[in-house]
Amino acid sequence: MKQDTILLAHGSGGTLMHKLISGLFASKFDNPILAKLDDAATFELPPGRVSFSTDTYVVQPLIFRGGNIGKLAVCGTVNDVSAVGAEPKYLSCGFVIEEGLAVSELETILDSMVASAKEAGVLIVTGDTKVVEKGGADRLFINTAGVGVVREGVEIGAANAKVGDKILLSGTIGDHGIAVVSEREGLSFETAVESDCAPLNKMVASMLDASPNIHCLRDPTRGGLASTLNEFAAASDVGIRIVEDKVPVRDEVAGACEMLGYDVFHVANEGKMVAIVEAADADAVLAAMKASPYGADAAIIGEVVDDPRGKVLVDTHFGSARILDMLVGEQLPRIC
Ligand code: MG
């Protein structure tokens with residue numbers, strides 16, 4: 001008989017667990033490295049420095065407009081591995097499942113992982129499954145780790161911004177945070193907001209094709225654009241000055257932020273990159289971003305200045321300047 005919910009026995013090491021692993025995970029993620037089901041995956045990497053990153057996903061609800069926890073888990077790690085100028089290659093994934101999760105829901109989530117991994121050109125080559133009792137977890141948590149190889153000659157780091165560099169943003173901000181919170185709270189806005197969750201490695205590769213002089217690159221996830229820019233300003237000991245009117249924000253996201261009392265600069269994104277680029281190459285990198293399906297709304301939003309060091313300044317609509325701080329406390333728990 002086909003089981004329609006996950007049972008504790010699915011994590012026990014017995015026949016149900018083997019059915020779950022070979023029948024579901026291995027058949028969905030199907031590739032020759034995983035298919036061996038050895039204790040560890042083995043593979044060759046092209047020569048170069050290795051980029052290695054991990055993240056755990058606890059988003060609530062599991063499925064939201066524009067994505068789900070599985071898509072997030074693949075795209076988030078692909079984007080982190082890419083953000084040092086690497087081509088991501090292999091992913092691991094670990095699942096913590098609360099007993100009672102519907103197998104059909106798990107399948108939907110796995111299908112999204114397969115689709116995002118395929119789009120990004122990465123293979124899921126090893127994994128782990130644990131099942132915990134009712135109340136031991138909130139339905140499903142996923143951890144992914146990824147490895148990739150850094151492109152030769154590329155030197156990207158948060159401490160590398162130089163005065164005079166331009167600041168580029170690949171599109172609208174706040175979409176992911178507002179999509180998840182509206183799903184969670186049952187809020188509806190005039191136009192439904194979708195998460196921007198997407199694998200950005202191909203966009204990053206074309207940005208690097210356009211210029212090797214990308215100094216900083218980061219996906220502005222939790223804490224939003226404000227956190228990423230403050231991290232760059234502090235690590236590089238420079239000032240960052242952006243122009244509010246140049247930062248793309250959807251009308252419905254701006255409206256939702258106003259209603260909920262959020263500063264859109266603090267709201268999470270899952271499909272955006274911020275790049276700090278040598279001024280002479282900024283237009284070429286912007287054109288590469290815009291040519292990507294995930295960078296159509298890309299813009300140059302500001303520049304690196306020498307004063308005030310370690311801080312982010314925003315020139316507002318009203319002609320004044322304000323300091324943009326990092327998010328204090330927790331605005332949106334379990335957003336990713
Ligand atoms: Mg990141």
Side-chain angles (χ1 to χ4, degrees), residues 49-59 66-67 69-93 116-117 120 122 141-151 154-161 167-177 179-180 195-205 207-208 214-236 240 265-277 289 292 294-295 298 301 312 326-327 330-336:
R49 266 187 309 149
V50 171
S51 160
F52 179 32
S53 186
T54 186
D55 209 337
T56 301
Y57 297 85
V58 299
V59 67
I69 190 171
K71 181 178 184 186
L72 208 55
V74 170
C75 296
T77 291
V78 161
N79 294 346
D80 280 345
V81 169
S82 308
V84 290
E87 183 59 45
K89 294 276 183 196
Y90 301 109
L91 259 53
S92 72
C93 56
S116 295
V122 298
F141 300 145
I142 303 177
N143 171 274
T144 47
V147 292
V149 179
V150 180
R151 190 183 290 209
V154 168
E155 200 50 64
I156 290 173
N160 296 352
I167 299 157
L168 281 65
L169 169 65
S170 67
T172 55
I173 57 168
D175 301 20
H176 176 73
V180 171
S195 168
D196 56 348
C197 180
L200 301 176
N201 55 314
K202 295 197 171 141
M203 182 179 77
V204 169
M207 290 162 64
L208 292 168
I214 297 173
H215 296 156
C216 311
L217 192 61
R218 189 161 285 183
D219 53 341
T221 54
R222 267 178 305 177
L225 182 63
S227 284
T228 298
L229 293 179
N230 272 284
E231 286 157 9
F232 289 160
S236 295
I240 284 183
F265 288 110
H266 290 149
V267 181
N269 310 279
E270 287 291 344
K272 297 292 154 20
M273 282 284 171
V274 183
I276 295 190
V277 181
M289 278 177 158
S292 156
Y294 300 123
I301 61 166
V312 179
M326 270 200 208
L327 178 63
E330 187 65 271
Q331 175 188 68
L332 295 170
R334 295 187 54 190
I335 204 71
C336 58

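Indexing begins at 1, ligand by ligand and atom by atom, following the structure's order.
Looking at residues two or more places apart in sequence or on another chain, you find a ring pair (Phe, Tyr, Trp, His ring centres under 6.0 Å) between Tyr90 and Phe43.
Taken from OG in Ser195 to CG in Asp175, the straight-line distance is 7.5 Å, to the nearest 0.5 Å.
For the Mg ion (ligand 1), the tally of protein N/O/S atoms lying closer than 2.8 Å stands at 2.
Side-chain contact between His176 and Leu72 is present, with heavy atoms from C-beta onward closer than 4.5 Å.
Applying the side-chain hydrogen bond (donor to acceptor under 3.5 Å, both in side chains) test to residues at least two apart or on different chains, the pairs with a partner in residues 74-84 are Thr77-Thr144. The salt bridge (Lys or Arg N to Asp or Glu O under 4.0 Å) contacts involving residues 216-232 comprise Arg218-Glu231, where partners must be two or more places apart or lie in separate chains.
No side-chain N or O of Thr172 forms a donor-acceptor pair with one of Asp196 less than 3.5 Å apart.
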